[in-house]
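Heads up: the structure comes next, in structure tokens.
A, B, ... follow the sequence lines: proteins, then strands. Residue 1 opens every chain.
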Amino acid sequence: MYRSRSCGSLILKDQGSEVQLAGWVHRRRDHGGLIFIDLRDRSGLIQIVFNQDNKNLHAQAEKLRSEFVISIKGNVTKRTAEAVNKNIPTGEIEVVVTSLDVLNTSKTPPIEIADATTEPDENIRLKYRYLDLRKDKMRENLIFRHKIIKAISDSLDADGFLEIETPFLTKSTPEGARDFLVPSRVNSGKFYALPQSPQLFKQLLMVSGMEKYFQIVRCFRDEDLRADRQPEFTQADIEMSFCSEKDVMDMIEKMMTETMQALEKDIDQYRGKKIPKLALPFPRMSWDEAMERYGTDKPDTRFGLELVNISDLVKEVGFKVFSGAVKSGGVVKSINVKGGAKFSRAEMDKLEAQAKQFGAKGLAWLAITEEGLKSPIAKFFKPEELEAIVKLMKGEVGDTLIFGADKTDIVNDVLGRIRLELGEKLDLIDKDSFHFLWITDFPLFEYSETEKRWVSRHHPFTAPHGNWADLEERFAKDPASIKAQAYDFVLNGSEIGGGSIRIHDMNIQRKVFKMLGFAEEEARRRFGFLLDALEYGAPPHGGIALGIDRLVMLLAGMDSIRDVIAFPKTQSAFCPLTGAPDVVDDKQLKELHIKLA
RNA sequence: GGGCCCGUGGUGUAGCCUGGUUUAACACGCCUGCCUGUCACGCAGGAGACCGAGGGUUCAAAUCCCUUCGGGCCCGCCA
């Protein structure tokens with residue numbers, strides 16, 4: 001036996017009892033005759049004391065160094081009033097050691113575990129991840145992650161959902177992200193793909209009559225990495241039968257609320273303050289409205305600075321950039337940057353440079369000052385035209401209006417991004433608030449410029465809104481106007497989940513494949529198993545998948561998904577710890593029937 | 001595929017712009033010694049980097065230039 005108690009569990013009431021503890025030497029304070037050690041295990045810290053009552057023991061203690069692993073026996077003692085350390089939970093007590101066992105020594109670690117203020121280069125953190133994870137923050141993050149997953153699982157379990165595993169070695173499907181491929185040894189020249197999500201399997205489970213399925217499951221997408229994107233990531237994948245969109249959203253709201261309740265203390269601790277309770281139901285906003293007001297399908301509603309469409313006001317003005325944009329089917333939108341008039345010319349130039357980077361031709365602006373309107377474009381307008389714009393924008397002295405004029409999607413994209421920049425720059429974002437939001441009524445299709453065809457916005461199994469019978473007619477007329485029974489779940493401007501009601505009718509599914517440009521034969525080859533299944537009494541069904549890593553990151557207030565994943569990869573998809581990916585033996589390649597170019 | 005930032009003892013940084021008094025500085029850590037109430041203990045002393053790698057410019061390069069490798073943020077990409 002190495003221990004009878006955990007370090008962090010000791011409390012004042014334990015005084016007088018003899019305990020055995022095991023853990024790591026966190027810090028040592030050697031006073032010569034008296035040695036203090038902060039002993040650390042997963043539960044926390046406790047100060048242990050070596051005095052000179054036992055000379056032999058004291059001599060052993062002198063040799064202890066950072067990160068040595070020890071087991072001790074000792075007596076829990078109340079500290080004197082002056083000696084209490086209010087900074088740690090166990091600060092009222094200490095353990096006077098009576099015997100010491102060094103279980104392992106340690107080299108001086110390249111990461112200072114006890115130093116919470118500095119953070120080594122990420123390369124070093126990942127190479128010595130097992131040390132990095134010893135630090136308080138990382139340990140807390142992993143514990144927090146565990147609790148979130150458990151809360152989600154508990155909530156779904158209580159609701160009658162079954163956790164069912166689905167294959168990792170599966171079939172490559174077109175559409176969507178690039179697949180990770182796994183060569184088959186047994187089937188020469190053939191490949192499995194790792195799932196981008198268990199999408200088709202969970203639908204099949206509905207056909208199987210499982211009714212309510214969930215899985216905390218790894219998904220794989222071979223795309224470039226970002227602060228919030230890893231090639232393998234975890235989803236809470238959910239599917240249910242006989243449900244409407246509202247049923248799914250209601251269910252997720254209940255689950256999220258229960259999860260937030262279960263995590264309340266942890267979240268408050270992360271933020272160092274009480275976080276207000278969530279307001280229910282979460283706001284639901286159509287995709288059209290989100291694009292109109294925020295220029296994005298994942299609006300950060302923690303602050304204002306909304307986009308306002310001023311096309312009607314400017315379609316006849318002399319300024320061709322504005323009127324021309326409207327006349328050619330585009331749009332002119334404006335943001336009232338409250339207090340923006342204080343920006344210097346250089347700051348406005350920088351903002352414009354950013355807008356150009358985002359794809360704008362320029363960024364017009366108009367400052368409302370005590371001395372009147374200041375703007376490089378004012379001279380192109382009649383005074384009453386400017387007045388009307390300022391009035392519509394509710395402009396006041398001290399504000400700056402910025403404008404985007406172009407094709408609708410460019411204006412939305414540019415101003416949407418500029419809005420986020422300004423939100424940060426003007427410090428308008430309450431970092432300790434949680435704005436959950438549903439975006440609904442997505443377009444079913446969008447046109448892909450690269451592929452020169454209509455592609456699914458969500459995925460090809462998404463059910464359209466409206467009458468399914470005249471789907472082809474609607475598609476022929478105006479593909480972009482067809483809305484989907486699809487919804488995204490947004491938190492603070494991040495997409496943390498998305499789902500849809502699926503097509504459960506083989507004929508409709510077949511038609512959608514056709515619209516997407518799959519020949520009958522190809523659809524059969526790629527998705528035949530799904531089409532078959534839909535012919536055997538497939539119930540209406542739908543579901544959603546939540547990105548666990550992002551959710552944990554946002555709730556914990558971290559800036560990178562890597563801080564809530566035990567062993568993540570670098571931006572170049574490399575693992576400094578293991579050295580993966582790496583070359584393999586010729587023998588292995590040969591068995592897999594693979595010849596390198 | 002593209003843009004921007006970074007790389008200096010074990011760790012985090014300064015120095016670089018404006019090349020030469022730099023024997024490359026500081027903090028943490030590490031080592032030795034002293035110390036019985038510290039808790040980021042204190043005090044005294046010490047070791048440790050030729051500046052990511054390669055090339056170039058120059059009398060002289062951590063410093064300027066080019067190439068390359070690695071890390072980060074972003075665009076593209078991510079149904």
Query raised in the report: Are any side-chain N or O atoms of A:T570 and backbone N or O atoms of A:S572, one a donor and one an acceptor, separated by less than 3.5 Å?
Result: yes
Query raised in the report: So what does A:D222 hit on the nucleic acid, given a heavy-atom distance under 4.0 Å: a base, only sugar-phosphate, or nothing?
Result: nothing
Report task. Select base, sugar-phosphate, or nothing to describe what A:V96 touches, counting heavy atoms under 4.0 Å on all strands. Result -> nothing
Query - Row check, A:Y128 ring normal vs A:R134 NZ/CZ: under 6.0 Å, within 45° - result: no
Report task. Scan residues 509-525 of chain A against RNA chain B and write down, sorted by residue number, each residue with any heavy atom closer than 4.0 Å; if none is found, say none. Result -> none
**Report entry** Nucleotide opposite B:C4 in a Watson-Crick or G-U pair, distances under 3.5 Å
**Finding:** B:G72
Query - Distance-only donor-acceptor test (3.5 Å): side chain A:R79, base B:U38 - result: yes
Query - P atoms of B:G45 and B:A27, separation to the nearest Å - result: 13 Å
Query raised in the report: Judged by modelled atom types alone, do A:T440 and A:E245 share a side-chain donor-acceptor pair under 3.5 Å?
Result: no
Query raised in the report: Rounding to the closest angstrom, what is the interatomic distance between B:G54 and B:G33 at atom P?
Result: 40 Å
Report summary line: Under a 3.5 Å limit on both distances, the Watson-Crick or wobble mate of B:U21 is none
**Report entry** Touch class at under 4.0 angstrom, heavy-atom based, for A:E67 against every strand present
**Finding:** nothing
Query - Side-chain donor/acceptor of A:R229 to base of B:C77, under 3.5 Å - result: yes
**Report entry** Whole-angstrom distance between B:G55 and B:A44, as gauged at atom P
**Finding:** 45 Å
Query - Ring-face cation contact, A:F442 with A:R457, 6.0 Å cut, 45° max - result: no
Query raised in the report: On RNA chain B, nearest-nucleotide positions of A:V455 versus A:L225: which is more 5'?
Result: A:L225
Query - Main-chain N/O of A:A177 paired to A:Q196 side chain as donor or acceptor, under 3.5 Å - result: yes
Requested in this report: Pick base, sugar-phosphate or nothing for A:N85, based on heavy-atom distances below 4.0 Å to the nucleic acid.
Outcome: base
Query raised in the report: Would you say B:G29 has OP1 or OP2 under 4.0 Å from some side-chain N or O of A:S66?
Result: no
Query raised in the report: Is a side-chain donor-acceptor pair under 3.5 Å present for A:N492 with A:S494?
Result: no
Query raised in the report: With both distances kept under 3.5 Å, what pairs with B:C64, Watson-Crick or G-U wobble?
Result: B:G56
Query raised in the report: Is A:D563 salt-bridged to A:R125, going by a charged N under 4.0 Å from an acidic O?
Result: yes
**Report entry** Inter-nucleotide C1' distance (B:A62, B:C6), Å rounded
**Finding:** 15 Å
Query raised in the report: Which whole number of Å gives the distance between the P atom of B:C43 and that of B:C51?
Result: 34 Å
Query raised in the report: Can you tell me the Watson-Crick or wobble partner of B:C26, both distances under 3.5 angstrom?
Result: B:G12
Report summary line: With sequence neighbours left out, the residues meeting salt bridge (Lys or Arg N to Asp or Glu O under 4.0 Å) with A:K425 are A:E347
Query raised in the report: P atom, B:A40 versus B:C28: distance in rounded Å?
Result: 14 Å
Got a list of protein N/O to nucleotides 45-53 of chain B N/O distances below 3.5 Å?
none

Query - Parallel, tilted or perpendicular: ring planes of A:F527 versus A:F513, cut at 30 and 60 degrees - result: parallel
Requested in this report: Looking at every strand, decide which applies to A:R27 at a 4.0 Å heavy-atom threshold: base, sugar-phosphate, or nothing.
Outcome: sugar-phosphate
Requested in this report: Determine the contact category for A:R28: base if any of its heavy atoms lies under 4.0 Å from a base atom, sugar-phosphate if only primed atoms, P, OP1 or OP2 are that close, otherwise nothing.
Outcome: sugar-phosphate
Query raised in the report: What residue pairs, at least two apart or across chains, pass salt bridge (Lys or Arg N to Asp or Glu O under 4.0 Å) with a residue in residues 21-31 of chain A?
Result: A:R29-A:D38
Query raised in the report: Nearest nucleotide by nearest heavy atom, which residue falls closer to the 5' end of RNA chain B, A:R457 or A:S560?
Result: A:S560
Requested in this report: Identify whether any heavy atom of A:T462 sits under 4.0 Å from a base atom; if not, whether one sits that close to sugar-phosphate; answer base, sugar-phosphate or nothing.
Outcome: nothing
**Report entry** Pair A:R453 + A:E451, salt bridge at N-O below 4.0 Å
**Finding:** yes
Query raised in the report: Near RNA chain B, which residues from residues 55-64 of chain A have a heavy atom under 4.0 Å away?
Result: none
Requested in this report: Determine the Euclidean distance between corresponding C1' atoms of B:C74 and B:G29; express it in Å to zero decimal places.
Outcome: 35 Å
Requested in this report: Going 5' to 3' through nucleotides 2-14 of chain B, assign each nucleotide B (protein heavy atom under 4.0 Å from a base atom), S (under 4.0 Å only from sugar-phosphate atoms) or - (no protein heavy atom that close).
Outcome: --------BSS--
Query raised in the report: What do you reckon, do A:H31 and the base of B:C41 stack, with centroid distance below 5.5 Å and planes below 30°?
Result: yes
Query raised in the report: On a whole-Å scale, what distance lies between the P atoms belonging to B:G48 and B:G9?
Result: 15 Å
Query raised in the report: Side chain of A:R226, base of B:G76: donor and acceptor closer than 3.5 Å?
Result: yes
Query raised in the report: Thinking salt bridges, do A:E119 and A:K135 make one under a 4.0 Å N-O criterion?
Result: no
**Report entry** A:D288/A:K483 salt bridge by N-O under 4.0 Å criterion
**Finding:** yes
